[in-house]
Protein chains: 2
Amino acid sequence: MKIVGVNIKRLREDQGLTLRALAKKLGISASFLSQVESGKASPSLATLKSISDALTTTVGSLVGEEQKIDDNPIVRLSERKHVQEAGKGINMYLLTSRDPNKQMEPLLFKLKEGAISGAASYKHFGQEFVMVLRGYIEITLNEIVYTLRKGDSIYFNSSVPHAFKNIGKGESEAIWVITPPTF
Amino acid sequence: MKIVGVNIKRLREDQGLTLRALAKKLGISASFLSQVESGKASPSLATLKSISDALTTTVGSLVGEEQKIDDNPIVRLSERKHVQEAGKGINMYLLTSRDPNKQMEPLLFKLKEGAISGAASYKHFGQEFVMVLRGYIEITLNEIVYTLRKGDSIYFNSSVPHAFKNIGKGESEAIWVITPPTF
DNA sequence: TAAATTTGTTAATTTATACTTGACAATAAA
DNA sequence: TTTATTGTCAAGTATAAATTAACAAATTTA
């Protein structure tokens, strides 16, 4: 976890803080903070949390979970990759290239007439955003049924049991952005 | 940091793992894992990282930096809130209700003919996803120009200098999802 | 029904390491 | 020069991370 120290040092210097100033703010010794920054020691979780607070960032950031991405950024309509059928008549297409450093995973869902998802409660932490582009889609969240038509959008936690089906005539289409990426 | 244990336990159980099974996978004792889950002990940063890996999640998640959301999840086409003009002829609409716990911020951009953004390099960490719904939009990333038409999408880091303009005849429209929320 | 596993939890130790103290050279200010 | 102030290091202490082993309760097997 050497990256932690590097990040702390960078943020501290960006904010014009000396080693001793930050250490005092945290109630730890400057010496120890120095060791942490150089990777010679590792802070306890509690200390790391207070460091992230003092630097107005997050533990996740400090451990390097919010990274850079910089590949080919674009995906053309014609180049979308088909991912999988999440049920019969349900097709998903990637709207960005696969990249573990991405925080979001934008997908295009195409639902054939009558297509219906398995009632699923995906158990990973994460959130989902859906906006209907074409047709009518019914989404059930925790037993509550929402009917969405073109232009309507919905946002929910991946952990809540959710299912959906196409209740329109013909194909329906929606943008589906989930976090974190799973494909 | 008691929340850490709670989250670990929930994820472990969700994945059908026993205390001993996960502990073995991690190379630590089941006993210690039990203490961690109940908040009686706190794992080292290194151990926490291996736990988050084993549970296919992140340290940030485990320490509770990715929180629950559970308000009214839906935003109808007719109910979209106008946010601000990010330049002349550029209108943004919220596609979800404001919520600091959300990881994403989905917006609808409407660009009048000829509308052009100020060249901006937003300096917060974060990422952006854009998909054009209507018209033609030109996006410049780091001096590189991309022309997007209906159905094309792009994904980039908020930290890279970016600007955009509507180069189509008439209004153009795009879905714009940014992370983390700023509005 | 009882024996045998397997579950999660706790108390008592050990061991590792988080953290401190104090001194150091290097730089910058007085 | 003197006096602070910077970051770093070696050595020591003390905290708590992690283990061992034994436990009752629940499941499984016979």
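Here is how names work: the chains are called A, B, and so on, in the same order as the sequence lines, proteins then strands, and each is numbered from 1.
Using a 30° and 60° split on the angle between ring planes, B:Phe156 and B:His162 fall in the tilted class, from 30° to 60°.
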Without placing hydrogens or testing angles, list every side-chain donor-acceptor pair under 3.5 Å for residues 30-38 of chain B, not counting sequence neighbours.
from	atom 1	to	atom 2	distance (Å)
B:Ser31	OG	B:Gln35	NE2	3.2
B:Glu37	OE1	B:Arg12	NH2	3.0
B:Glu37	OE2	B:Arg12	NE	2.7
B:Ser38	OG	B:Ser34	O	3.1
B:Ser38	OG	B:Gln35	O	3.2

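Where B:Arg20 and B:Val36 each meet DNA chain D at their nearest nucleotide, the meeting point lying more 5' is that of B:Val36.
Residues of residues 23-34 of chain B having a heavy atom closer than 4.0 Å to DNA chain D, listed by number: B:Gly27, B:Ile28, B:Ser29, B:Ser31, B:Phe32.
Here CE of A:Met131 is found 14.0 Å from CH2 of A:Trp176. Values are rounded to the nearest 0.5 Å.
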Bracket notation of DNA chain D in which parentheses pair within the strand, [ ] cross earlier pairs, and | pairs with another strand (Watson-Crick or G-U, under 3.5 Å): .||||||||||.||||||||||||||||||

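Taking 4.0 Å as the cutoff to heavy atoms of chain A, we find the contact window on DNA chain C bounded by C:dA18 to C:dG22. Between chain A and DNA chain D, the heavy-atom contact criterion of under 4.0 Å yields a 5' to 3' nucleotide range of D:dT6 to D:dA10.
Within 4.0 Å (heavy atoms only), A:Ser38 reaches no atom of the nucleic acid at all. Across all strands shown, A:Glu37 has no heavy atoms under 4.0 Å from either base or sugar-phosphate atoms.
Looking at B:Val4, B:Thr58, B:Leu62 one by one, the single match for side chain to side chain contact (heavy atoms under 4.5 Å, CB included) with B:Ser52 turns out to be B:Leu62.
Sorted by first and then second residue, the salt bridge (charged side-chain N to carboxylate O under 4.0 Å, His left out) pairs involving residues 167-177 of chain A (not counting sequence neighbours) are A:Lys112-A:Glu171, A:Arg134-A:Glu171, A:Arg134-A:Glu173.
Partners of B:Asn166 by side chain to side chain contact (heavy atoms under 4.5 Å, CB included), not counting sequence neighbours, listed by chain and number: B:Leu111, B:Ser172. A:Tyr93 meets the side chain to side chain contact (heavy atoms under 4.5 Å, CB included) test with A:Arg80, A:His82, A:Asn91, A:Leu108, A:Lys110; sequence neighbours excluded. Among residues two or more places apart in sequence or in another chain, the side chain to side chain contact (heavy atoms under 4.5 Å, CB included) test is passed with A:Lys150 by none. For A:Glu138, there are no side-chain hydrogen bond (donor to acceptor under 3.5 Å, both in side chains) partners at least two apart in sequence or on another chain.
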